[in-house]
There are 2 protein chains.
Amino acid sequence: MTAPQSSALVPQTVTEVLERLDAGADILPKRLKQCALFTRRHLHLIPVSTVSEMARASGVAPSAYMRFCQALGFSGYSEMQGLFKAQVTDFRPDYQDRLGNLRFQADVGTGQLLAEFAEAGHKSLLSLANSVTNEGLDRIARGMAQARVIHLIGLRRAYAVVSSMAYLLDKLEVPSSLHYASGMLNASGTIFEGDVVFAVSFAPFSPETIRLARESADRGIKVYGLTDSDNCPLNEFATEMLIAREDEVAGFRSLTASITLTTTLAVAIKAMQSSVD
Amino acid sequence: MTAPQSSALVPQTVTEVLERLDAGADILPKRLKQCALFTRRHLHLIPVSTVSEMARASGVAPSAYMRFCQALGFSGYSEMQGLFKAQVTDFRPDYQDRLGNLRFQADVGTGQLLAEFAEAGHKSLLSLANSVTNEGLDRIARGMAQARVIHLIGLRRAYAVVSSMAYLLDKLEVPSSLHYASGMLNASGTIFEGDVVFAVSFAPFSPETIRLARESADRGIKVYGLTDSDNCPLNEFATEMLIAREDEVAGFRSLTASITLTTTLAVAIKAMQSSVD
DNA sequence: TACGAAATGGAATATTTATTCTATTAATCC
DNA sequence: GGATTAATAGAATAAATATTCCATTTCGTA
């Protein structure tokens, strides 16, 4: 008689699943370890796959994957999948509730807050893998790799994203130029044919960023964009767009998914340039 | 009799679906228009939802949502869902073959690279939760909350971290000052008693950052630090230190843990100030 | 190498979910 | 305003999927 009665043992968060996955990596029997290994690397497939698919992908029988789920503390695959589906499904509180939520958070511990942001980070990374396709990212990396100079544009929350990218591209010796905030954004005179623009803009979108990107696009410069929302104005004229949604805590978002994506992009660009040589 | 026979009419890409969605918005009957409206805004729910769920969310009967899918050119919901699931599944390499040597692949695709960085992000977040204690973070947040002005210092890779923090603190109306790169770092004349310095420095440590932080500490200013290594020079004089280790991919690190931590810190600082009021 | 315990894979069953059918209601046209 | 057609919602059916069971194999130990 299998006993999935005590719901206290059922993992409630992605973080908990990851911990058990890592803990079990050593002690699990062969087939179940295969499951753990594959699942660890492909968490994002769980919400959209059936047991049979996950099992086949892990190289085990469906029943084995079933036992794997139970070893993790779930009653079965459905329960585990439910946890991951919730990531996508979960409703996000609205912008204006921020202040109220913040007060509410005041009396919970700082550590609890960190745990929530970490959890949000896990979720964001999962959804990142969901929304970015190999082909799309590949095309963008290829397009940017051919640029004479990559112009990086991003203000406010997006500024940290482009500045980290600028640092990394510089280290990789990929020619790039970071357009600094306020005033400097008039500098479309420094963008020439053969260059590309990489613009990052999150809702609500900075008119400055959009304007410079649009001006460039109008002049025939290829514009690639990164945003967090479907209705980003960059959509209208960008050659290609990336989307990185960030899970939020009490109305605040980290930059986990965005920076993970731009880091990947930078490395991919360099890799493409190298392989052409 | 609806006739879904000709597969030429079946949308093959998300773009095509969006086009039909927009085209049909006018001509579709009431209930089906409801479906179109909701679906247009919640495309990401399709891969993880059942027909009933999508129907209920759209405010229609399951059978109505069914007809909606067929109006779009699909044979049914499953076929439509398949298209969206494929987005996620897309860069799934043929599993069984590559099982053993996942991490030793020679030809690493862009999607695989993203998966690796995401994986590194997960690990970084896990280790963050392990290395940062509730009490330590609490003390630091409390200490920084009492500052007249928070001075943010960070160069190179750390610059993105402090600049994102500066943005967030600004939005939270916590007085802070971001010390910009090169030249500006002499500005220890602008740091006064009652202020606090938050310095971020990753190995190899920028002498500039260390120097300014040390000068401040020597003058009795409280210095808090964030680093990725035990032997950070800030250790010698900082009031308190935070450590965020980043997992690396092929020698490259993202900033997942660091920015998650500083985001948490910023929000915690604001929360403390609010609860004192 | 032989024994017991644990693990495994395939087949049987239960459950969920998609899809179709039909009576009823609403809209359109003459 | 009545006749005709389209649209709708709920129930019935079909298909897919999760889950359990059990005979067989593998593993660890003496």
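In what follows, chains are A, B, ... by sequence order, proteins preceding strands, each numbered from 1.
Between B:R67 and B:Q70, the side chains place no donor N or O within less than 3.5 Å of an acceptor N or O (distance only, hydrogens not considered).
Distances from the side chain of A:R31 to the nucleotides C:dT8, C:dT19, D:dA18 place C:dT8 closest. Minimum atom distance to the side chain of A:S52 is reached by D:dA18, of the listed C:dT17, C:dA7, D:dA18. With C:dT8, C:dT19, C:dG9 as the choices, the nucleotide that has an atom nearest any side-chain atom of A:L32 turns out to be C:dT8. Of the candidate nucleotides C:dT19, D:dT19, C:dA7, D:dT19 has the atom lying nearest to any side-chain atom of A:S78.
The separation between B:Q34 atom CD and D:dA9 atom C1' is 13 Å, rounded to whole Å. Distance A:K33 NZ to D:dT26 C1': 15 Å, rounded to the nearest Å. Counting to the nearest Å, the C1' atom of D:dT13 and the CE atom of B:M66 are 14 Å from each other. As rounded to whole Å, 14 Å separates atom C1' of C:dT17 from atom CZ of B:R56. Summarising the geometry, the separation between CD on A:Q81 and C1' on C:dT17 is reported as 12 Å, rounded to the nearest angstrom. One interatomic measurement links the two molecules: OH of A:Y77 to C1' of C:dA14, which rounds to 19 Å at whole-angstrom precision. Atom CE in B:M54 sits roughly 14 Å away from atom P in C:dT19 (whole-Å rounding). Rounded to whole angstrom, the span from the CE atom of B:M80 across to the P atom of C:dT17 amounts to 17 Å.
One finds no side-chain N or O of A:R67 lying less than 4.0 angstrom from the OP1 or OP2 phosphate oxygen of C:dA7. Contact check, A:Q70 against D:dT19: no side-chain N or O comes under 4.0 Å of OP1 or OP2.
Between B:R245 and B:D228, the closest heavy-atom pair is CG-O, 3.9 Å. The two residues A:R40 and A:L18 come nearest to each other via the heavy atoms NH1-CD2, 3.5 Å. When all heavy atoms are compared, the tightest approach of B:I243 to B:L128 is O-CD1, 4.2 Å. Among all heavy-atom pairs drawn from B:Q34 and B:V60, the shortest one is NE2-CG1, 3.8 Å.
With contacts defined as side-chain heavy-atom distances shorter than 4.5 Å, the pair A:I259/B:T256 does not qualify.
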Original post:
Could you run down nucleotides 21-30 of chain C 5' to 3' and tag each one B, S or - for protein heavy-atom contact under 4.0 Å?
Top reply: ----------
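Between A:L28 and B:G76, the residue whose closest nucleotide on DNA chain C is further toward the 5' end is A:L28.
Ring-plane geometry between A:H44 and A:H42 is classed as tilted, the angle between the planes lying from 30 to 60 degrees on a 0 to 90 degree scale.
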